[in-house]
Every structure is written in C-alpha cells, then in structure tokens.
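To keep things clear, I will list the structure first and then write my remarks on it.
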Amino acid sequence: RLTNKKRELEEAWEKGEAEGQERPAIGEETARALIAATGHATDQTGHAYARARRLCELLNDTPHLLKALWGEFVHYHVRAEVNRSHRAAEELLDLAGQQNDTAALVAGHRAVGDSWLHRGQLDSARAHLERGLALSDPAQQRSLTVLFAENARVAMLSFLSLTLGLLGFAEQARLRSTEALAEARE
C-alpha cells in the first residue's frame with residue numbers, strides 16, 4: 001500500500017514538474033488563472049482543482065487541500081452538480097473540523113449551508129449558516145476573504161436571509177438582508 005502511494009506521488013510529482021507545476025499551490029494558481037480566463041465552470045478549471053487536490057492529498061498538505069476543496073465546491077456548485085458540490089463542501093467542513101481551523105470551519109459551514117439551501121433542505125441550510133456566522137470573527141474577515149476570495153459573512157448573511165424568507169420568517173430575513181448590505185458596504 002505504501003509502495004502504491006509512493007509511486008502515485010512520484011508520478012504526480014514528475015507530471016507536475018514536466019508541466020512546471022511542482023507544488024499544489026501552483027495548481028491553485030493555475031485554477032485561479034483559468035477562472036479569470038474561462039470561468040469557474042469550465043472543465044479545465046475543474047481538472048486544475050482536482051489535480052491540486054490530489055497532490056495535496058499525496059503530500060499531506062492540509063492548508064492547500066482546504067483551498068482545493070473550496071475550489072472544487074465552487075466549480076461543481078456553479079455547474080449545478082449539486083451532489084458533487086455537496087460532497088466537496090462536506091469534505092471541506094470535515095477537514096476543517098479535524099484541523100480545528102476556525103477560518104476553514106466558517107468556510108465549510110458557509111459551503112454546506114449554501115449547498116443545503118440549493119438542495120431545498122432549508123432547516124439544515126439555516127443551521128449551518130447560523131453556525132458559520134457564530135464562528136466568524138469580523139476582525140479576521142480580511143484573512144478569510146484572501147483565503148476564499150469572498151466575504152464569507154456577507155455571503156452567509158445573504159444566504160441566511162433567503163433561507164429565512166423561504167421558511168416564512170420575513171422579518172428575520174429582512175434584518176439579515178439589511179445586515180448583509182451594511183457589511184458589504186464596509
């Protein structure tokens with residue numbers, strides 16, 4: 001088993017070096033460049049994140065794996081591949097929990113909540129979005145924005161507003177929407 005893993009790592013490493021992509025971070029940079037050039041949903045972007053993920057798993061590189069999982073979540077989410085995006089979101093949340101990484105936990109709850117919302121599981125969506133908001137620290141928002149390329153609080157407040165509205169809590173939805181707009185303006 002270890003021999004197979006070593007062989008996989010060597011093959012991935014050799015292929016990466018041949019392409020000038022020795023590190024998982026370079027795979028992420030490739031994915032971001034593809035997003036800028038072709039968008040989140042293209043096959044090329046998905047392949048770049050899948051490759052970055054595989055290298056991270058082989059190298060046991062958790063910080064970059066968290067970002068690769070986020071990239072996979074977004075990729076599948078914008079393609080409306082709800083089962084695959086949900087799996088990536090759940091894996092992100094599980095890994096963040098294992099690492100006890102608060103910023104990644106916020107991103108994980110945001111992703112899982114968004115995923116449940118788009119699957120019509122409104123109570124589950126609400127629970128995850130509220131948990132992500134409870135964990136988020138506005139003072140650390142900039143670092144989260146750099147890591148995951150969005151203001152997670154604004155996203156969670158917006159998705160929670162929609163969720164609450166769909167659940168019939170119009171006043172709570174309006175308050176969360178107002179809160180999201182205020183944070184976005186800051």
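Note that the coordinates shown come from a computational prediction; the quantities given were computed from them, not determined experimentally. This chain uses plain numbering: 1 for the first residue, then up along the sequence.
Taking 4.5 Å as the limit, every side-chain heavy atom of Asp61 sits out of range of all side-chain heavy atoms of Leu55. When side chains are defined from C-beta on, Leu164 counts as touching Leu160, because their heavy atoms get closer than 4.5 Å. Taking 4.5 Å as the limit, every side-chain heavy atom of Arg87 sits out of range of all side-chain heavy atoms of Glu72. Looking at Leu167 and Asp123, their side chains come closer than 4.5 Å, going by heavy atoms from C-beta outward. Contact check for Phe73 versus Arg110: side-chain heavy atoms found under the 4.5 Å cut-off. Contact annotation: the side chain of Leu129 never approaches that of Arg126 to less than 4.5 Å [non-hydrogen atoms, C-beta and beyond]. For the pair Leu95/Leu65, a side-chain contact is recorded, criterion being any heavy-atom separation below 4.5 Å from C-beta on. Between Arg131 and Leu105, the closest side-chain pair of non-hydrogen atoms is not below 4.5 Å.
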Please assess Val106 against Met156 for the test side chain to side chain contact (heavy atoms under 4.5 Å, CB included), listing each intermediate value before the final yes or no. CA-CA 9 Å; Val106 170; Met156 287 185 291; 3.5 Å; yes
Before giving the answer on side chain to side chain contact (heavy atoms under 4.5 Å, CB included), spell out for His86 and His77 the whole-Å C-alpha distance, their side-chain angles and the decisive distance to 0.1 Å. CA-CA 8 Å; His86 188 76; His77 192 67; over 6 Å; no
Starting from the C-alpha separation in whole Å, work towards a yes-or-no answer on side chain to side chain contact (heavy atoms under 4.5 Å, CB included) for Lys67 and His64. CA-CA 5 Å; Lys67 289 189 257 183; His64 288 112; 4.1 Å; yes
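In this structure, the separation between OH on Tyr76 and CZ on Arg84 is 3.5 Å, given to the nearest 0.5 Å. Put simply, CD on Glu130 and OG1 on Thr163 are 9.0 Å apart, with the number rounded to the nearest 0.5 Å. With values rounded to the nearest 0.5 angstrom, Thr62 atom OG1 is found 4.5 Å from Gln99 atom CD. Here the CD-OG distance, from Glu90 to Ser85, works out to 10.5 Å after rounding to the nearest 0.5 Å. To the nearest 0.5 angstrom, Arg51 atom CZ is 10.5 Å from Cys56 atom SG.
Cation-pi geometry between Arg174 and Phe169 is not met: the NZ or CZ atom fails to fall both under 6.0 Å from the ring centre and inside 45° of the normal.
Under the 4.5 Å side-chain heavy-atom criterion for Ile, Leu, Val, Met, Phe, Trp and Tyr, Phe159 and Val82 are members of distinct hydrophobic clusters. Taken together through direct or relayed side-chain contacts under 4.5 Å among Ile, Leu, Val, Met, Phe, Trp and Tyr, Val74 and Leu66 form part of one hydrophobic cluster.
In this structure, the side chain of Ser115 does not engage the main chain of Ala111 through any donor-acceptor pair within 3.5 Å. Checking side-chain atoms of Ser124 against main-chain N and O of Gln121 turns up no donor-acceptor pair under 3.5 Å.
Asp114 and His118 form a side-chain donor-acceptor contact under 3.5 Å, judged by distance and modelled atom types alone. No side-chain donor-acceptor contact under 3.5 Å links Ser158 and Ser161.
When all heavy atoms are compared, the tightest approach of Arg176 to Leu157 is NH1-CD2, 3.4 Å. A pairwise comparison of heavy atoms in His109 and Leu135 identifies CD2-CD1, 3.8 Å as the closest pair. Nearest heavy atoms, Val154 versus Asn151: N-OD1, 3.0 Å.
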